[in-house]
Amino acid sequence: MSRSTSSSPAKGGPATLAMVAGRAGVSPQTVSNALNSPDLLRPETLERVLRAIDEMGYRPSRAAQTLRTRSSKLIGYGILPAPPGTTTLVLDRFLHALSEAADEAGYRILLFAAPADDANLRGYEELLDEHDVDGFVLSDTDERNAPRQAWLAKRGVPFVGFGRMWSKRQIGDWIDVDGALGTDAAVEHLIALGHRDIAFLGWQRGSSVGDDRAKGWQRAMRRHGLRTRGRRAQSADDVDEARTAVGPLLDADVTAVVAASDTLALGSYYALRERGAVPGRDVAVTGFDDSPIAAILSPGLTTLAQPLEAVGRECVRLLQARISDPDAPPERILLEPSLVIRDSAPAPDA
């Protein structure tokens with residue numbers, strides 16, 4: 001006797017929205033859109049869902065329909081606590097850019113405190129229950145925070161990540177800045193200045209973003225046949241710790257330091273000055289993020305600027321697209337940082 005694999009309602013029980021979604025092979029949100037906002041769906045998707053509704057005799061609750069058709073125009077953003085000694089300048093600037101982009105699209109950003117252990121998703125659940133947010137923007141998307149994406153995707157909640165998923169399993173839409181491409185460009189710039197002994201000062205190994213930036217330095221060095229062994233040091237994103245960590249690299253007489261952040265670059269400045277050396281003249285230094293301090297340092301810090309305004313706009317665009325079509329293929333975008341040249345690693349003809 002064959003076993004049925006259809007999503008027909010159990011005998012004596014009404015069909016549910018989730019059962020219709022299973023039969024049509026779509027998310028519950030797509031079934032809701034078919035009933036309440038059919039113009040948001042592709043014609044073939046709408047036809048498939050309506051056919052499943054008809055076959056299963058699904059009759060939605062009037063109260064549920066009313067709730068589903070009301071858009072809050074709110075986007076949730078959870079702020080994770082920053083580890084001691086670290087800065088959040090990039091995320092602060094990103095949040096400003098995101099808020100402006102959301103405002104232009106008719107949305108508001110609703111901030112909430114996310115717990116340090118993101119396996120606890122109570123904040124996200126409360127915003128869905130109490131404020132009926134339309135979706136979420138996520139940051140800090142490394143592997144330890146992956147439960148958020150899986151939890152939201154399972155419930156059909158639209159979301160977009162600022163930062164790629166670093167785990168093998170990719171879920172949802174994201175936009176990120178190509179850190180490896182940036183440090184690769186920094187090395188190429190230093191080589192054009194005549195440097196050959198170029199060190200990398202990064203974060204602890206295992207940091208997804210930090211390892212990506214280290215990869216760009218290593219790739220460019222190997223492309224030119226330059227030494228990388230013994231030319232990499234690591235530090236927390238802290239000025240004092242970076243000042244200590246860069247010491248062995250300076251002892252090895254490197255002529256340039258590529259730092260994974262402007263904070264680490266500032267630590268390198270302090271270490272050089274303690275030795276009576278001048279950044280940019282005796283040892284070139286580059287940073288990453290083009291933080292406000294980069295332009296006012298003396299000498300000005302050559303660094304990589306992240307296109308945060310573009311990231312904010314793309315986050316809102318991707319989220320709107322996901323709300324409109326929950327079953328569309330995911331979009332994943334890498335943007336290129338730009339090298340901002342100042343006196344710590346001047347232009348080749350300077």
Side-chain angles (χ1 to χ4, degrees), residues 87 89-90 93 176-203 205 207-235 237 239 242 245-246 249-250 252-272 277-295 297-308 310-311 334-350:
T87 60
L89 290 174
V90 172
R93 290 166 58 203
D176 200 3
V177 177
D178 194 336
L181 188 65
T183 49
D184 189 312
V187 172
E188 287 291 347
H189 173 70
L190 291 166
I191 289 174
L193 290 172
H195 294 279
R196 294 296 181 270
D197 203 346
I198 304 168
F200 181 78
L201 177 60
W203 299 317
R205 294 175 191 267
S207 159
S208 301
V209 174
D211 288 349
D212 187 52
R213 295 179 184 182
K215 182 174 69 176
W217 162 79
Q218 188 174 60
R219 181 176 66 202
M221 295 289 283
R222 288 178 174 173
R223 187 166 60 243
H224 289 275
L226 300 178
R227 175 181 177 180
T228 59
R229 185 177 179 83
R231 293 297 184 266
R232 178 177 177 179
Q234 60 187 41
S235 167
D237 204 41
V239 173
V246 78
L249 300 177
L250 301 179
D253 294 325
V254 300
T255 65
V257 175
V258 173
S261 73
D262 290 352
T263 300
L264 298 185
L266 181 57
S268 300
Y269 269 46
Y270 286 153
L272 284 166
V278 177
R281 186 193 71 189
D282 300 309
V283 176
V285 179
T286 68
F288 206 116
D289 295 329
D290 195 25
S291 58
I293 197 174
L297 281 174
S298 179
L301 176 64
T302 293
T303 184
L304 289 143
Q306 298 198 50
L308 295 177
V311 171
L334 274 179
L335 295 181
E336 181 177 349
S338 56
L339 187 67
V340 181
I341 298 175
R342 300 190 180 98
D343 289 341
S344 71
D349 58 353

Between R219 and D212, is there a salt bridge with N-O shorter than 4.0 Å?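 Looking at R219 together with D212, the answer is no, because their closest N to O distance does not fall below 4.0 Å.
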
State whether the side chain of [X] and the backbone N or O of [Y] hold a donor-acceptor pair below 3.5 Å, judged by distance alone.
| X | Y | answer |
| --- | --- | --- |
| T302 | R342 | yes |
| D262 | S291 | yes |
| D343 | P346 | no |
| Y269 | S298 | no |
| H224 | I191 | no |
| S344 | V285 | yes |

Work out which heavy atom in [X] is nearest to a heavy atom in [Y]; give both atom names and the distance.
| X | Y | answer |
| --- | --- | --- |
| S235 | A242 | OG-N, 3.2 Å |
| P337 | P307 | CA-CD, 4.3 Å |
| A345 | T286 | CB-CG2, 4.0 Å |
| L250 | A271 | CD1-CB, 3.9 Å |
| F200 | L249 | O-CD1, 3.9 Å |
| D289 | T303 | N-OG1, 3.5 Å |

May I have the step-by-step check of salt bridge (charged side-chain N to carboxylate O under 4.0 Å, His left out) for D197 and R227, ending in yes or no? CA-CA 7 Å; D197 203 346; R227 175 181 177 180; 6.0 Å; no

Separation of I198 CD1 from T183 OG1 (nearest 0.5 Å): 11.5 Å

Straight-line distance of L301 CG to I293 CD1, nearest 0.5 Å: 9.0 Å

pair [X]-[Y]: side-chain heavy atoms closer than 4.5 Å:
| X | Y | value |
| --- | --- | --- |
| L304 | V340 | no |
| L266 | L297 | yes |
| V209 | W203 | yes |
| V258 | L201 | no |
| R196 | T255 | no |
| D178 | E336 | no |

Do S261 and D237 get their side chains close enough for a donor-acceptor pair, meaning under 3.5 Å?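 Their side chains do contain a donor-acceptor pair, which is all the 3.5 Å distance test asks for.
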
Is it the case that D184 and W217 place a side-chain donor and acceptor less than 3.5 Å from each other?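 No, because no side-chain N or O of D184 sits under 3.5 Å from a partner of the opposite role on W217.
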
Which is it for V90 and L308 under the side-chain contact (heavy atoms from CB on, under 4.5 Å) test, yes or no, and what are the steps along the way? CA-CA 8 Å; V90 172; L308 295 177; 4.3 Å; yes

What verdict does the salt bridge (charged side-chain N to carboxylate O under 4.0 Å, His left out) test give for R93 and D290, after you've listed the backbone C-alpha separation in whole Å, the side-chain angles of each residue and the deciding distance to 0.1 Å? CA-CA 11 Å; R93 290 166 58 203; D290 195 25; 5.4 Å; no

Does R213 make a cation-pi contact with F288, if we ask for NZ or CZ under 6.0 Å from the ring centre and within 45° of the axis? yes

The single option from Q218, M221, R205 passing side-chain contact (heavy atoms from CB on, under 4.5 Å) against R232: R205

How far apart are the C-alpha atoms of L339 and H189, what are their side-chain angles, what is the distance that settles it, and do they pass the side-chain contact (heavy atoms from CB on, under 4.5 Å) test? CA-CA 9 Å; L339 187 67; H189 173 70; 3.6 Å; yes

